[in-house]
There are 2 protein chains.
Amino acid sequence: MKMSDVAKIANVSPATVSRVLSNPDLVSKKTRDKVLEVINQVNYQPHSVARQFRTRETKTILAVVPDITSAFFSEVLRGIEHVAIKEGYQVILGDTENNLERESDYVNLLLQKQVDGMVLLTARLEKERLEELSEHFPIVLACEYIDGLNVPTVSIDNISAARKATEHLIQLGHTKIAHICGPMNVILGRDRLRGFRQAMMSNDLDVDPSYIQEGDLTIESSESGYNQMMKLLALETPPTGVFVYNDEMAMGAIKAVKDSGLRVPEDVAIVGFDNLKMSTVIEPHLSSIDQPKYNIGQKAMNLLLQMINKEKINKHSFVMKDNLIIRDSCGGKSESFPHSHESFKKNISV
Amino acid sequence: MKMSDVAKIANVSPATVSRVLSNPDLVSKKTRDKVLEVINQVNYQPHSVARQFRTRETKTILAVVPDITSAFFSEVLRGIEHVAIKEGYQVILGDTENNLERESDYVNLLLQKQVDGMVLLTARLEKERLEELSEHFPIVLACEYIDGLNVPTVSIDNISAARKATEHLIQLGHTKIAHICGPMNVILGRDRLRGFRQAMMSNDLDVDPSYIQEGDLTIESSESGYNQMMKLLALETPPTGVFVYNDEMAMGAIKAVKDSGLRVPEDVAIVGFDNLKMSTVIEPHLSSIDQPKYNIGQKAMNLLLQMINKEKINKHSFVMKDNLIIRDSCGGKSESFPHSHESFKKNISV
DNA sequence: CTGAAAGCGCTTACAG
DNA sequence: CTGAAAGCGCTTACAG
């Protein structure tokens, strides 16, 4: 059943059917009703690929994620998806599994006009390539970014957030502080390490090179955190405080401390990053840097829509507010264990 | 830049360019090389919507998920995606957020020919609707299913798995056993409750109605598990063992026990379902029913591809093997805490 | 307010 | 092995 069939039955031209569907105001009420009746009767569904072909827009955007399995990204994705759906767009999901080649493949969907635009939650391609692409297609970066790249970007200030997390440990009196850092080939890893170093330096604390252990995103994160923490604990003088790249690694790190017969926070204090929901499920509850994950997704998608609609964007870098959430994994102030529904909620989804 | 432009430069017809791209054997080596050179030179990218329109296939499938945020489904999705990519298909993700209407909307993408087929990880539509749809379009069900529906389905035997989990508690000597069940409007909730009842009955144990507490998937699962466990603990005689619908709820349940000043497993033993990775991160490590999540995804996608390629499928129900993983949350046998890389791995991703 | 006609960029049966 | 031509199902400028 195609449009011309509907037209024939309704005794109008295909053009009229098309108008009823996408521009009903252009059609008289009488004709419109007649056409709609036929459409319902035969249960006509327009062939959307034909429409896409004709209108040169797919009403689909691509979200490229480094790891779909991560609770962090699913929150961001939900922000993207909600805005997309509200505006009549679909979201294709591209999971690169932290693989550069897959990232590159997904980006090519733009060139083939398969999608109207793209939100990149991973930005590991060459700067020049992205720059070139973004001159021709709507692209927004979120979470990850590229220094000096003139493409709309939504993220937090990772350096200052990392500084904050580290300073929290310093304020609690720690001096032997280590950092299980993210991979050095992703900017977030480099930024958070930078923030860590800044905090240490401005407090006149040394950073022992063996106190920096690089985590690995290509294996299960908590496993990577476990391994790196074990290395730290095996040192002659292990650290008493550790700032960990993200919450998932931090969980592994906590496990490592416990498995070694030590306690968190008494023997080793730990701060994470991202404030995942499970940070209040493990013991002790994890102190962490909160990122407005859902809002980042929303903001990024809104920007993308602006670009798709050729609206001007007068800023290209959108820095969202992060927040240090203090729980029990560093000692000091401790959160209460609320029993009521309300406070559970506050506790678990800050 | 379109195909006819490339053709002009290469001094051939558009038909020849098309053949070079999709049926190179039909073209002489000489012509082929000439055309390929031009294609590279001008960096021609075929317009894939035009191709989709012409060939009437989108090389895209839709995966409909009830909750993209859940670690369970991301594993299944990865299985789907890996197979899809290998076979040159893209995956559109539809997150229904446990909302029936959204499920229905996504399913309509089939009618609009936006996708070549669909894997449903949620099956809450009317049986008749799905039956009708599946007569016209390739559809595979995974994880959730509909009784008596003749559509290829991949899942575990939820009833027997639930029985196994419950019997584990019974064998450990528990008699006051409760079940925090899944929502009664999804089949998995009903099935697991059924398995629970079967195990109780065949062991001559009573099921106190107040020992059945229905969880809620529309709120944060661990919060729901927390709430329901609090209700159980408030009973005059609280249960000593609880089988929980899934691991996320089980985490909340464990938290509730601890927050009430009781211990797991000494005061309350808990078994979960799904064997998520975080079940070895919380304390105590959660005993749980393992589902072959990734394999379910692979199998479902393979079946879908068979249907898309009009191959015959001679069975419609594929039951995968589940497995009770015993850890520490029920007492009895306890798992060791391995330190080496290898055993961590085994421990964390059974 | 409505219709006839052109055309979006490919692919493929047909002819040679 | 190659080309000319038709056509996939819509939308939209144009004319009336």
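Order of the sequence lines sets the chain letters (A, B, ...), proteins ahead of strands, with each chain counted from 1.
Summarising the local packing, CD of B/Gln45 is surrounded by more than 12 heavy atoms from other residues, nucleotides or ligands at distances under 6.0 Å. For CD of B/Glu101, the number of neighbouring non-hydrogen atoms (other residues, nucleotides, ligands) closer than 6.0 Å is 12 at most.
Salt bridge A/Arg190/A/Asp147: absent, no basic N to carboxylate O contact under 4.0 Å. Look at B/Lys59 and B/Asp116 and you find no salt bridge, because none of the NZ, NE, NH1 or NH2 atoms lies under 4.0 Å from a carboxylate O.
Position along DNA chain D of the nearest nucleotide to A/Thr55 versus B/Ser13 favours B/Ser13 as the more 5'-ward residue. Of the two residues contacting DNA chain D, namely B/Arg54 and B/Thr31, the nearest-nucleotide position lying further toward the 5' end is that of B/Thr31.
Residue contacts shown for B/Arg56 are limited to sugar-phosphate atoms, with no base heavy atom under 4.0 Å away. If you check every strand for non-hydrogen atoms under 4.0 Å, B/Ser18 touches a base. Within the 4.0 angstrom heavy-atom criterion, only backbone atoms of the sugar-phosphate kind lie near B/Val12; the bases stay farther away.
Along DNA chain D, read 5' to 3', the first and last nucleotides having any atom under 4.0 Å from a heavy atom of chain A are D/dG9 to D/dA13.
In this structure, the side chains of A/Gln90 and B/Leu109 come closer than 4.5 Å at one or more pairs of heavy atoms.
Secondary-structure annotation of DNA chain C gives the stems C:1-3 with D:14-16, C:5-12 with D:5-12, C:14-16 with D:1-3, with a stem taken as at least 3 successive Watson-Crick or G-U pairs whose two distances both fall under 3.5 Å.
Residue A/Leu305 holds its CG atom at 8.0 Å from CD1 of A/Ile61, rounded to the nearest 0.5 Å. Distance check: A/Glu81 CD to A/Tyr89 OH gives 15.5 Å after rounding to the nearest 0.5 Å.
The separation of D/dG16 from D/dT12, taken at their C1' atoms, amounts to 16 Å, rounded to a whole angstrom.
When atom types are taken as modelled, the side chain of A/Ser22 and the backbone of A/Ser18 share a donor-acceptor pair closer than 3.5 angstrom.
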